Amino acid sequence: MAYYHYLKSRSFDSTSRARAAGRLLSLRKALGEQIPPKQSRDTLLLATWNLREFDGASKGYGPRLPESFHYIAEVISAFDLVAIQEIKRDLRPLQRLVRILGPTWDYVASDITEGVSGNTERMAFLFDRGKVQFRNVVGEIVLTKSEQIETDRQFARTPFFVAFQAGWFRFNLATVHIYYGSDSGAELQRRIEEIQAIAKALSKRADKEPDNYIVLGDFNIKHPEHETRKALTDNGFFIPEPLLSIPTNRFGTHYYDQIAFKTKKDELMLGDGIVQEDGEKHNAGTFDFFRNVFKPSDENTYFEALSDERKAHWNLDSDDEPRSAADRTKYYE
């Protein structure tokens with residue numbers, strides 16, 4: 001990607017421009033060390049990313065700083081196709097991100113899901129047209145009467161379904177953001193039933209059609225041995241071991257995000273991967289961008305870069321009470 005034009009814009013002063021350029025170089029180096037190189041044939045680099053509240057402010061996490069868009073674009077550019085969850089109503093931030101990615105990139109987005117559970121979220125696929133072809137089939141998964149969760153209940157956030165092709169490999173991709181609720185009781189059961197419902201519905205389709213099926217996104221899976229994971233894999237989908245056992249958040253405590261497959265025999269296999277820090281070859285995993293951008297040591301730098309209004313918000317909680325130093329750090333993280 002050519003960042004020169006964007007980094008010279010009025011969105012950046014000289015200090016933030018220099019910081020962004022340095023962070024982008026660091027990020028690009030880390031991606032090159034951890035993600036297999038993009039190739040024109042035989043490989044497909046696929047990822048999923050919950051871009052929390054992109055790019056709204058209903059929970060106080062937005063709007064993002066201008067440099068954030070460049071960091072997000074740098075990570076996405078290392079892949080061929082990326083599923084994004086928690087895109088908000090306004091599509092302009094997503095369009096801005098695609099412009100930074102460059103002319104070969106495109107996107108397909110769902111409508112928002114209304115209602116309290118829907119949180120006015122939409123989902124999207126960003127893809128490099130030099131590698132991935134959109135096959136002009138797109139829709140949202142709606143359950144039949146017999147498939148519905150509990151009584152007359154659809155998904156909290158409607159799963160998004162798109163048909164793609166990379167080389168000769170034809171595949172149908174569905175992305176989800178499963179209901180969270182709580183970690184016990186009826187709300188946990190609803191979460192399990194949502195995962196079961198999407199897996200069953202797509203598995204039935206895969207059995208009837210010649211294409212491969214992949215479902216990915218934020219499943220809010222508690223851990224690899226929990227019912228939330230079994231609800232997915234016991235209903236026709238397979239999660240490769242390198243993905244199943246890896247935490248997907250920055251603190252290594254959650255396994256929410258997953259990629260699961262139901263593919264035809266001999267049509268898809270994990271690649272050889274590349275040697276990483278532990279000396280082993282890895283062909284799947286998570287990328288911790290916080291090692292390179294928005295590091296803990298940057299907290300004061302970013303605080304000082306905020307407007308007076310944003311500083312006030314950072315220093316006060318939702319009840320307008322002062323945050324402690326620890327709470328302010330947690331907010332930053």
Side-chain angles (χ1 to χ4, degrees), residues 1 23-24 27-28 30-32 34-36 38 44-56 59 61-65 67-88 90-91 93-102 105-110 112-113 119 121-128 131-132 157 159-162 164 173-178 180 214-221 239-240 242-244 246-261 282-294 333:
M1 289 177 293
R23 297 292 193 271
L24 284 167
L27 195 56
R28 184 170 295 185
L31 286 162
Q34 298 179 49
I35 309 299
K38 294 177 72 170
L44 176 68
L45 295 179
L46 179 66
T48 181
W49 194 354
N50 183 326
L51 271 177
R52 187 170 185 172
E53 295 278 316
F54 188 80
D55 190 43
K59 293 182 181 177
Y61 293 101
R64 284 166 169 80
L65 296 172
E67 64 194 84
S68 297
F69 286 83
H70 294 266
Y71 303 148
I72 293 168
E74 185 64 38
V75 173
I76 290 173
S77 71
F79 298 89
D80 298 309
L81 195 163
V82 181
I84 304 292
Q85 300 85 45
E86 289 205 35
I87 305 293
K88 300 299 286 182
D90 187 355
L91 277 171
L94 180 63
Q95 293 162 349
R96 175 181 178 182
L97 180 61
V98 174
R99 285 196 299 272
I100 296 172
L101 280 164
W105 281 83
D106 209 341
Y107 74 94
V108 183
S110 71
I112 60 168
T113 303
N119 196 31
E121 292 178 21
R122 65 173 90 236
M123 302 181 217
F125 292 107
L126 279 69
F127 59 100
D128 187 340
K131 183 63 166 292
V132 178
R157 289 169 285 247
F160 185 44
F161 172 94
V162 178
F164 290 106
L173 206 57
T175 185
V176 303
H177 187 186
I178 296 296
Y180 183 84
I214 304 171
V215 58
L216 72 174
D218 186 347
F219 288 89
N220 282 313
I221 286 175
I239 302 174
L243 286 175
L244 184 62
I246 299 173
T248 62
N249 67 322
R250 67 175 299 194
F251 301 110
T253 54
H254 300 309
Y255 300 81
Y256 292 161
D257 308 275
Q258 296 291 336
I259 303 176
F261 302 84
H282 294 266
N283 51 15
T286 58
F287 178 71
D288 183 4
F289 48 84
F290 287 112
R291 292 185 179 186
N292 305 97
V293 299
F294 293 102
E333 292 174 340

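As the structure is a computational prediction, the values presented were derived from the model and not from experiment.
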For a quick test of reading the model, state the closest non-hydrogen atom pair linking Phe127 to Val132 and the distance between them. CD1-O, 3.7 Å

Find out whether Glu86 and Leu51 are in side-chain contact, i.e. whether some heavy atom of one side chain is under 4.5 Å from a heavy atom of the other. no

Steps toward side chain to side chain contact (heavy atoms under 4.5 Å, CB included) verdict (Thr248, Thr48): CA-CA 10 Å; Thr248 62; Thr48 181; over 6 Å; no

Could you work out, with ring pair (Phe, Tyr, Trp, His ring centres under 6.0 Å) as the rule, every residue matching Phe219, not counting sequence neighbours? none

Decide yes or no on side chain to side chain contact (heavy atoms under 4.5 Å, CB included) for Leu94 and Ile84, but give the supporting numbers first. CA-CA 10 Å; Leu94 180 63; Ile84 304 292; 5.7 Å; no

Can you label the angle between the His254 ring and the Tyr256 ring as parallel, tilted or perpendicular, going by 30° and 60°? parallel

List for me each residue that meets salt bridge (Lys or Arg N to Asp or Glu O under 4.0 Å) alongside Arg157, sequence neighbours excluded, and say none if there are none. Glu121

Would you say CZ of Arg250 has more than 12 non-hydrogen atoms from neighbouring residues, nucleotides or ligands within 6.0 angstrom? yes

For residues Ala109 and Leu91, report the shortest heavy-atom separation together with the two atoms involved. CB-CD2, 4.3 Å

On a heavy-atom basis, the closest approach of Pro159 and Val176 is CB-CG1, 3.9 Å

Roughly how far, to the nearest 0.5 Å, is CD1 of Ile76 from CG of Leu31? 11.0 Å

If you look at every heavy atom in Leu45 and Phe79, which pair is closest and at what distance? O-CB, 3.6 Å

Does the ring center of Trp49 lie less than 6.0 Å from the ring center of Phe54? no

Applying side chain to side chain donor-acceptor pair (under 3.5 Å), can you list everything that pairs with Asp80, at least two apart in sequence or on another chain? Lys131

Taking atom CZ of Arg64 and atom CZ of Arg52, what is their separation to the nearest 0.5 Å? 9.5 Å

Any sub-3.5 Å donor-acceptor pair from Thr175's side-chain atoms to Leu216's backbone N or O? yes

Once you round to the nearest 0.5 Å, how far does CD of Gln95 lie from CD1 of Ile100? 12.5 Å

Rounded distance [0.5 Å steps], OG in Ser77 versus CH2 in Trp105: 7.0 Å

Do Leu173 and Leu81 touch side chain to side chain, with heavy atoms closer than 4.5 Å? yes

For Tyr71 and Phe289, I'd like to know if the aromatic rings sit close, meaning centre-to-centre distance below 6.0 Å. no

I would like to know whether Lys38 and Asp128 meet salt bridge (charged side-chain N to carboxylate O under 4.0 Å, His left out); could you show each step before the answer? CA-CA 11 Å; Lys38 294 177 72 170; Asp128 187 340; 3.1 Å; yes

Closest contact, heavy atoms only, Phe125 versus Ala174: CZ-C, 4.3 Å

Would you give the length of the straight line joining atom NE2 of His177 to atom CE of Met123, rounded to the nearest 0.5 angstrom? 8.0 Å

Please assess Thr286 against Asp257 for the test side chain to side chain contact (heavy atoms under 4.5 Å, CB included), listing each intermediate value before the final yes or no. CA-CA 10 Å; Thr286 58; Asp257 308 275; over 6 Å; no

Heavy-atom closest pair, residues Asn283 and Pro242: OD1-CG, 3.8 Å

To the nearest 0.5 Å, how far apart are CD1 in Ile72 and CG in Leu126? 10.5 Å

Could you walk me through whether Val108 and Phe160 pass the side chain to side chain contact (heavy atoms under 4.5 Å, CB included) check? CA-CA 10 Å; Val108 183; Phe160 185 44; 3.6 Å; yes

Determine yes or no for a side-chain-to-main-chain donor-acceptor pair under 3.5 angstrom, with Lys88 supplying the side chain and Asn119 the backbone. yes

